[in-house]
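Below, read A as the first sequence line, B as the second, and so on, with proteins coming before strands; counting in each chain starts at 1. Keep in mind the model is a prediction, meaning the values are calculated, not measured.
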Number of protein chains: 2
Amino acid sequence: MNLKRPAPTLHDVSVAAGVSTATVSRCLNFPDQVAKLTRDKVLSAIQLLGYSPNFGAKAMAARRTNTIGAIIPTMENAIFARGLEAFQEELRLHGFTMLVASTSYRPEIEEEQIRSLVARGADALLLIGHERDPEIYRFLETQGVPVLITWVFDAESTRPSVGFDNRVAMMEMAIKVIEFGHTELAFISAATARNDRATARLNGIGDAMIAAGLNADDLHCIETTYGIEEGAAAFDKLMLKTPRPTAVFCGNDVLAVGALRRARELKIAVPQDVSIIGFDDIELAQVAYPPLTTVHVPHREMGRRAGHALADHLKNGTPLKSVQLGTRPVLRETLAPVKVGS
Amino acid sequence: MNLKRPAPTLHDVSVAAGVSTATVSRCLNFPDQVAKLTRDKVLSAIQLLGYSPNFGAKAMAARRTNTIGAIIPTMENAIFARGLEAFQEELRLHGFTMLVASTSYRPEIEEEQIRSLVARGADALLLIGHERDPEIYRFLETQGVPVLITWVFDAESTRPSVGFDNRVAMMEMAIKVIEFGHTELAFISAATARNDRATARLNGIGDAMIAAGLNADDLHCIETTYGIEEGAAAFDKLMLKTPRPTAVFCGNDVLAVGALRRARELKIAVPQDVSIIGFDDIELAQVAYPPLTTVHVPHREMGRRAGHALADHLKNGTPLKSVQLGTRPVLRETLAPVKVGS
DNA sequence: TTGTATGCGTTATCAA
DNA sequence: TTGATAACGCATACAA
């Protein structure tokens, strides 16, 4: 049972306006190639019928969609929102439309989304991080869909990326933390398997520890899924360890805010009893109480540059090349020197 | 310059497998209508070529996409995220895919997105709030695209909606606030023009005031765009008014958190000096410090029900009908009785 | 400036 | 169980 009346087509419009379908098509795509009089007739017919071009047919005939797909791990929090917004704004400037999909951090869903966006005719794809099944890269290759990676910069990789060095970003922060006298460190991380950002951040802390003469194996690392509740739960476990960590790194600001909340519930003073460090510097970090020490990531610039690169590539054939952006530790109130005698 | 090698088509697969295109198509859509032997041949050809069906062509031939569009005001914060997630999960259960778009709270962008999703073949649309240009409803009508409204329940409207009564929701909260002795009330709102939720919430406060014998005109209302920074700025202005408000309602939790932050910066104690009340009860509300008093909205149930209704409508022709859900005031720590003598 | 005719990659109908 | 073939709605090369 389907009562849908078929939507008006180009042909319907052409009949109503008393012209050919070609003319209607031109009216829409190259308005100045058609006489003003005809154009007016056509436009009012379009208006009258409530005509709207069929995207599928258009894509098929034109063999491009001016659509770029972006696949992010989650829309649940603001982590990717700002970068994506900048990306979209930039694309819009160049006449491209963005299509978003999210994966809940699950590789198999990401694969599904990649295939879905490609099937929908995405002219290119923006993906987060390098690490995924080689098979899917081969698929994208045979489909002829260019891919730009973001949130990561890896000089080793042949694939173009616009991002930052996650290891260095976290290492710089860890060095500061160690300078504050902390030696009992912990890390609430996303699952590191199949997540190059999480792995790099973990290594960053380890490298800083080694550089400071600490033993990187002493880092207590808990892997969990991203979420406020999860951050809180992980913090709970960490506080039971002996010796108790005096500084807790978090894989992102959302986890850190969860840890912060649990600390409050446990009457553990931050930063007096324990320091908490986030990553990303989303708005949440400044709103948290106390304001969160975190690693600032150039969300907007990353999005903007990625958008520009892809648009330029599709329109002018400019090769995609990697761009490295910087991050910086932002010291707010959740980090303090380690308490003497603690 | 375009080096894109054309992607493999159904025809390519059929040649490689030595069968007709019809057989390949059946293999994909009705696998048990084809002999196991042929199926294996076809599947391995598909694998080999990295074939992926073209969505546009498929949509055109099948005259449906199994895609449902959802258009929300913003992805910048978590306000719509949870409901959307539930919506998507429910759709997935029924074999539908969700396409999201956001509008930055701008009607003209919403219109653009509606047209874009319809052009992309969305079988139905989920929209937030009733209020929009009648023209666009007419357009959807002629396109034969069913629409379900959410985040709102309006018994008056003929259009189906799955949501709650924004006026009553806010009124219930305002009654509590007034019971705490507050008489100097203020409201940091989204723009009420062309936003039935904002308008209803404003009216809800007014109704509660009237019921309590207050003058609804005494409500200080500031309209602003949604954002933490904007909430902070509006709070600033409110604190300069005489008499100074003792309770500040906010159109959503994001604004409320901004107000909370500014209060801290101004050394205005919450809730001792001023009470702050949010709306939505997103995760942020519990993480805020002090935890935010707010109106709880049944995000997930709303999304789930909306998804179910649309899927059921498209698959079985079940008419869309309105569902009213409840909200409830959640009293946390940002609301306290008015200070005597203040 | 406008019209004609063809092809884009599927699905679905009808025959075989 | 399989194969031809006609739509589907649009863009575009070519002709007028």
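- Between the P atom of C/dT10 and the CG atom of B/Asn66 lies a distance of 17 Å, rounded to the nearest Å.
- Closest approach of A/Thr74 to A/Tyr105, counting heavy atoms only: CG2-CE1, 3.7 Å.
- Proximity of a side-chain donor or acceptor of A/Asn316 to a complementary backbone N or O of A/Thr318 within less than 3.5 Å is not detected.
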**Request:** Starting from the C-alpha separation in whole Å, work towards a yes-or-no answer on ring-ring contact (aromatic ring centres under 6.0 Å, His included) for A/Trp151 and A/His130.
**Result:** CA-CA 9 Å; A/Trp151 275 85; A/His130 280 289; over 10 Å; no
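- Distances shorter than 4.0 Å separate some side-chain N or O of A/Thr23 from OP1 or OP2 on C/dG3.
- For the pair B/Phe30 CZ and C/dT13 C1', the interatomic distance rounds to 12 Å; values are reported in whole Å.
- A donor-acceptor pair is defined here as one N or O able to donate and one able to accept, closer than 3.5 Å; such a pair exists between the side chain of A/Gln143 and the backbone of B/Gly50.
- Distance CG (B/Leu49) to P (C/dG9): 14 Å, rounded to an integer number of Å.
- Considering only heavy atoms from C-beta on, B/Leu125 comes within 4.5 Å of B/Ile114 through its side chain.
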Under 3.5 Å, N/O pairs linking protein and nucleotides 5-9 of chain D:
from, atom 1, to, atom 2, distance (Å)
D/dC8, O3', B/Arg63, NH1, 3.1
D/dG9, N2, A/Ala57, O, 3.3

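- Counting to the nearest Å, the C1' atom of D/dT12 and the CZ atom of A/Arg64 are 11 Å from each other.
- In the helix from C/dT1-D/dA16 to C/dA16-D/dT1, the end axes, each obtained as the rotation axis mapping the C1' atoms of four pairs onto the next four within a five-pair block, lie 30° apart to the nearest 10 degrees.
- A close approach under 4.0 Å does occur between a side-chain nitrogen or oxygen of A/Ser25 and OP1 or OP2 of D/dA11.
- The distance between atom CZ of B/Phe55 and atom P of C/dG9, rounded to the nearest whole Å, is 16 Å.
- Picking from C/dT13, C/dG3, D/dT12 the nucleotide with the shortest atom distance to the side chain of A/Arg26 gives C/dG3.
- Atom NZ in A/Lys41 sits roughly 10 Å away from atom C1' in C/dT2 (whole-Å rounding).
- Here the shortest heavy-atom pairing between B/Ile128 and B/Pro73 reads CG1-CD, 3.8 Å.
- Regarding B/Asp12, its CG atom lies at a distance of 10 Å from the C1' atom of C/dG9, rounded to whole Å.
- Look at CD on B/Gln33: it is 11 Å from C1' on D/dT2, rounded to the nearest Å.
- Of the possible donor and acceptor atoms, one in the side chain of B/Asp133 sits under 3.5 Å from a partner among the backbone N and O of B/Glu135.
- Listed for the A/Ser102 side chain is no donor-acceptor partner under 3.5 Å among the backbone atoms of A/Ile72.
- With hydrogens and angles disregarded, no donor-acceptor distance shorter than 3.5 Å links the side chain of A/Asp312 to the backbone of A/His308.
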